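What you are looking at is a predicted structure, and each value in this text was computed from that prediction instead of being measured.
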There are 2 protein chains.
Amino acid sequence: MTRTATPSDPETTAPQALSPQDMVCFSLYSAVHAMSQAYRPHLEKLGLTYPQYLVMSALWAAKAPPTVGMLSRQLQLESSTLTPLLKRLETMGLLTRRRDAEDERQVRIALTEEGHQMQGRTAHIAGCIAEQSGMSVDELLALRDQVSRLRDNLRKG
Amino acid sequence: MTRTATPSDPETTAPQALSPQDMVCFSLYSAVHAMSQAYRPHLEKLGLTYPQYLVMSALWAAKAPPTVGMLSRQLQLESSTLTPLLKRLETMGLLTRRRDAEDERQVRIALTEEGHQMQGRTAHIAGCIAEQSGMSVDELLALRDQVSRLRDNLRKG
DNA sequence: GTCGATTGTATCGCGCGCGATAGATATTCG
DNA sequence: CGAATATCTATCGCGCGCGATACAATCGAC
């Protein structure tokens, strides 16, 4: 096995095995946890978890109240994940869940007044995280596109 | 200014909002789930989850049985995550957990014979995932280093 | 219209993942 | 030495995240 660009510590690793530090999948795995931790101090002031913040972001960006299925496709999460999460946000008074009159199978998710108003209180967060990332905007955008491409390819396979 | 005058109007707030698809954090978040899904068919033949596979990878790469704390630092996971996970792997017969004689606070994690032998059955997986990623090896290594840099910066801040 | 298939949500069980905390062992300092 | 302090692991509660499953509403073929 050939040496990689950032080899593991030879003091603690066996030469023939690939350590987590060498793996692309681990870099993503650990980066997501670090990202969640970076958001935590900002979000806990709002009483939100990181996945809840993503759902709220989707709702803030939506032109009309989406269905559970639309959120599921956009966020790539199963209904078994979204339904309890949405119920918690509903209990917090941030959104409402209503069966669609046209198609009673679907559930429309609409922001409440309080849910809309929370958007303003999140406006500064992205900038804080970007600064903390130590990367330029161009680097971040390029990284986002590369990671999105990887994700889409993995989903197709 | 005029926008904040009507913050609850979805017709005016939607265009200014950053959707999850625009965010670096979401690309990572969704890529990790896609990665876990890509590994799933391979790993469930071995009876492993994806985090369990990462722990096993760390153990395969280690020269000597690490402590829980060493695994915690390497994988960037809390003991509250690792302890139950390690107990499950111990129940499966893949490793042993023994208090260190030198320092009774520490717990040494050692692979069993079965645990060692499992490594061979995972040898093909990385290649399958790399192929499925649709990216070249150089691209993957560059991506790994960029993501690791982002993670390390976020951890420092 | 009726029956079968499909679609959209919800429920359940299990494995993370972490903050808060507890408890035991080691270390440091007086 | 002995007490305060630090370190290491484990426990608990809660929120994801998903596969499997259930169930109701809709659609399609006839």
Can you tell me how far the CG atom of B:N153 sits from the CD atom of A:Q132, to the nearest 0.5 Å? 9.0 Å
Name the residue closer to the 5' end of DNA chain D, choosing between B:Y29 and B:T81 according to the nucleotide with the nearest heavy atom. B:T81
Examine the base of C:dG8 for any acceptor or donor lying under 3.5 Å from a partner atom in the side chain of A:S72, and report the outcome as yes or no. no
Should the pair B:R99-B:E104 be classified as a salt bridge under the 4.0 Å nitrogen-to-oxygen rule? no
Does A:R97 reach a base, just sugar-phosphate, or nothing at all? Heavy atoms under 4.0 Å. sugar-phosphate
Donor/acceptor link under 3.5 angstrom from A:R105 side chain onto base of C:dT7: yes
As a test of reading the structure: which of D:dG19, D:dA10, C:dA10 is closest to the side chain of B:T83, going by heavy atoms? D:dA10
Any side-chain donor paired with an acceptor under 3.5 Å for A:S27 and B:R144? no
Checking all strands, does B:R73 fall into the base, sugar-phosphate, or nothing category for heavy-atom contacts under 4.0 angstrom? nothing
Please work out if A:T67 contacts a base, only the sugar-phosphate, or nothing of the nucleic acid, heavy-atom cut-off 4.0 Å. sugar-phosphate
State, without any angle test, whether A:R108 and A:T67 hold a side-chain donor-acceptor pair at a distance under 3.5 Å. no
Quiz question: going by heavy-atom distance under 3.5 Å, is there a donor-acceptor pair between the base of D:dG19 and the side chain of A:S80? yes
Side chain of A:Q52: nearest nucleotide among D:dG15, D:dC18, C:dG15? D:dG15
Basic-acidic side-chain contact under 4.0 Å: A:R98, A:E90: no
Reckon A:E44 touches a base, only the sugar-phosphate, or nothing at all at heavy-atom distances under 4.0 Å? nothing
A:D103 side chain: which of C:dG19, D:dT26, D:dC18 is closest? D:dT26
Counting any heavy atom closer than 4.0 Å, what does B:L85 reach on the DNA or RNA strands: base, sugar-phosphate only, or nothing? sugar-phosphate
I want to verify a distance call: between C:dG17, C:dG19, D:dA25, whose nearest atom is closest to the A:E104 side chain? D:dA25
At under 4.0 Å between heavy atoms, what does A:S79 touch on the DNA or RNA strands: base, sugar-phosphate, or nothing? base
